[in-house]
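Comments concern the structure below.
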Amino acid sequence: MSSLRPSPIAPTVDFDKDGVQHGFLRLPYSRDDSAWGSVMIPICVIRNGTGPTALLSGGNHGDEYEGPLALYDLARTLDPKQVNGSVIIVPAMNYPAFRAGTRTSPIDKGNMNRSFPGRPDGTVTEKIADYFQRELLPRADIVFDFHSGGKTLDFVPFCAAHTLPDKALEQKAFDAVAAFSAPFSMRMIEIDSVGMYDTAAEEMGKVFVSTELGGGGTSRAQTVRIARRGILNVLRHAGIVDGAIETGRTQWLDMPSGDCFSFAEEDGMIETMIDLGDPIEKGAVLARIHSVGRTGIAPQELRAKMSGMLAARHFPGLVKAGDCAAVVAVEAEG
Ligand SMILES: [Zn+2]
């Protein structure tokens with residue numbers, strides 16, 4: 001790591017200065033329409049003294065909106081007098097993707113959450129990941145990264161942390177999930193954890209908490225309220241913001257194995273047979289995929305590989321072979 005060149009990103013904020021600063025992570029990106037131009041990634045630092053640091057991000061995927069809606073709002077409204085320590089807010093982490101309204105970057109097709117640890121001499125997406133890896137994550141005591149389903153998935157609203165080999169770290173993360181007080185709280189496994197921001201933070205020993213709050217490439221009044229209340233709750237739980245946690249009822253969910261996931265094996269038109277949050281028995285039909293090229297073809301049936309409830313579903317009406325069609329989770333004790 002020490003042999004890596006410095007990041008090309010220049011922050012216009014001073015992370016060690018008290019007060020509120022609204023600035024940018026300026027990433028040089030010279031191109032046809034802007035010689036010597038830069039990508040200007042918004043960042044806000046709210047600091048009051050030497051207490052713990054929270055690193056908050058949205059827009060890791062550019063088509064997910066609850067995080068950016070909560071975090072631009074928090075950056076505008078959080079009073080440093082309420083803060084003990086630092087809150088670093090990057091509301092649109094993959095800013096080129098966020099501006100394009102797409103999951104991945106239109107510049108390099110980079111999926112931010114598969115680009116860690118990044119490279120200082122890599123693509124634009126890799127340069128942003130590298131800056132988080134080497135400059136921002138090391139400053140943080142708690143890391144919170146908002147996600148929703150984007151254009152292609154829709155989730156029941158949950159806050160989540162991962163089951164980890166380090167049980168003390170895992171417990172700290174689940175305590176923060178409980179403080180967030182989403183309608184659902186998830187103990188999550190990943191199908192593909194290599195390159196994730198989550199993994200980078202957890203390998204550094206940071207408390208890492210995430211969400212999936214709805215989806216479909218938009219936001220809802222309810223899920224934005226959950227995001228705004230939840231992030232303040234987590235900051236209060238961490239002792240960084242004054243005030244009492246606004247608790248709400250939460251249902252814990254587990255994703256115990258890869259059997260949670262169902263993938264389409266054919267192209268076609270998807271018919272989800274139950275709605276988000278509905279119960280399902282093992283072996284029951286979760287979704288049918290109808291061939292559309294001709295009439296007279298029986299639909300492919302996707303059956304639940306375990307009993308539980310429908311936690312996520314494919315959002316658009318058309319699917320391709322390989323698309324994640326449904327995710328089943330199991331209701332669990334808190
Ligand atoms: Zn996401």
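Under the salt bridge (Lys or Arg N to Asp or Glu O under 4.0 Å) criterion, the residue pairs touching residues 152-167 are D154-R220, K167-E170, with sequence neighbours excluded. For residues 102-150, the ring-ring contact (aromatic ring centres under 6.0 Å, His included) pairs, not counting sequence neighbours, are H61-H147, F116-Y197, F132-Y197, F144-F146, F144-F180. Note on residues 246-268: pairs passing ring-ring contact (aromatic ring centres under 6.0 Å, His included), not counting sequence neighbours, are F174-W252. Pairs of residues two or more places apart, or lying in two chains, that qualify as side chain to side chain donor-acceptor pair (under 3.5 Å) and include a residue from residues 315-334 are H314-D323. Sequence neighbours left out, not one pair with a member in residues 24-52 passes ring-ring contact (aromatic ring centres under 6.0 Å, His included). For residues 14-23, the set of pairs meeting the side chain to side chain donor-acceptor pair (under 3.5 Å) definition, not counting sequence neighbours, comprises D18-R47.
Residues V241 and V207 share a single hydrophobic cluster, defined by chaining ILVMFWY side chains whose heavy atoms lie under 4.5 Å apart. The cluster map of Ile, Leu, Val, Met, Phe, Trp and Tyr, joined by side-chain heavy atoms under 4.5 Å apart, puts V156 and I226 in different clusters. Placement of V224 and F184 in two distinct hydrophobic clusters is found when ILVMFWY residues are connected by side-chain heavy-atom separations under 4.5 Å, directly or transitively. Neither L56 nor Y72 shares a network with the other; the hydrophobic side chains, linked directly or stepwise wherever heavy atoms of I, L, V, M, F, W or Y lie under 4.5 Å apart, form separate groups for each. Linking Ile, Leu, Val, Met, Phe, Trp and Tyr residues whenever their side-chain heavy atoms come within less than 4.5 Å places M112 and L55 in a single cluster.
Rounded to the nearest 0.5 angstrom, S193 OG and M188 CE are separated by 12.0 Å. Distance CD1/I41 to CD1/I128: 3.5 Å, rounded to 0.5 Å. To the nearest 0.5 Å, atoms CG (D198) and CG (N60) are separated by 8.0 Å. Within the model, atoms OG1 of T223 and CZ of F155 stand 13.0 Å from one another, a figure rounded to the nearest 0.5 Å. Expressed to the nearest 0.5 Å, how far CG of D73 lies from CZ of R228 amounts to 4.0 Å. The line from CG of L137 to CD of E135 is 10.5 Å long, rounded to the nearest 0.5 Å.
Inter-residue side-chain proximity for M204 and P138 is flagged as met; some heavy-atom pair is nearer than 4.5 Å. Side-chain atoms of N94 and T125, non-hydrogen and from C-beta on, do get closer than 4.5 Å to each other. In this structure the side chain of E66 never reaches within 4.5 angstrom of the side chain of T211, judged on heavy atoms. Looking only at side-chain heavy atoms (C-beta outward), L286 and I274 come within less than 4.5 Å of each other. Considering only heavy atoms from C-beta on, L232 comes within 4.5 Å of R236 through its side chain. For the pair L25/P11, a side-chain contact is recorded, criterion being any heavy-atom separation below 4.5 Å from C-beta on. Annotation: side chain of P42 is in contact with side chain of Y95 (closest heavy-atom distance under 4.5 Å). Counting heavy atoms from C-beta on, the side chains of M93 and D145 come closer than 4.5 Å.
Under the 3.5 Å distance criterion, the side-chain polar atoms of S181 are matched with a main-chain donor or acceptor of A178. No side-chain donor-acceptor contact under 3.5 Å links K151 to the backbone of D63. A donor-acceptor contact shorter than 3.5 Å is absent between the side chain of T12 and the backbone of G23. In this structure, D254 contributes its side chain and P256 its backbone to no donor-acceptor pair below 3.5 Å. Looking only at distances, no side-chain donor or acceptor of T199 sits under 3.5 Å from a matching main-chain atom of G195.
The two residues K127 and I9 make their nearest non-hydrogen contact at O-CD1, 3.7 Å. The minimum heavy-atom distance between A173 and V209, with the atom names listed, is O-CG2, 3.8 Å. Shortest non-hydrogen contact noted between V330 and S307 is CG2-O, 3.7 Å. Between R187 and A332, the closest heavy-atom pair is NH1-CB, 3.8 Å. Residue V20 comes nearest to C44 through the heavy atom pair CG1-SG, 4.3 Å, listed as atom of the first residue, atom of the second, then distance. For the pair A304 and E281, the tightest heavy-atom approach, listed with the atom from each and the gap, is CB-O, 3.7 Å.
At most 12 heavy atoms of other shown residues, nucleotides or ligands fall within 6.0 angstrom of atom NZ in K172. For R99, the CZ atom counts as loosely surrounded, since its 6.0 Å shell holds 12 or fewer non-hydrogen atoms of other residues, nucleotides or ligands. No more than 12 heavy atoms of other residues, nucleotides or ligands lie within 6.0 Å of CG in D32, so this atom counts as exposed by the packing criterion. Heavy atoms from other residues, nucleotides or ligands lying under 6.0 Å from CD of Q171 number more than 12.
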TODO: Under the side chain to side chain contact (heavy atoms under 4.5 Å, CB included) rule, what do M269 and E271 come out as? Steps first, then yes or no, please.
DONE: CA-CA 7 Å; M269 179 170 60; E271 176 187 12; over 6 Å; no
TODO: Quick one: do I46 and I89 satisfy side chain to side chain contact (heavy atoms under 4.5 Å, CB included)? Show the steps, please.
DONE: CA-CA 8 Å; I46 302 171; I89 303 172; 4.3 Å; yes
Task: Criterion side chain to side chain contact (heavy atoms under 4.5 Å, CB included) on C324 and V327, from CA distance to verdict - done: CA-CA 8 Å; C324 182; V327 180; 3.9 Å; yes
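In this structure, a donor-acceptor pair under 3.5 Å is present between the side chains of S38 and R26.
Under the side chain to side chain contact (heavy atoms under 4.5 Å, CB included) test applied with I240, the options D141, V87, N84 reduce to a single match, V87.
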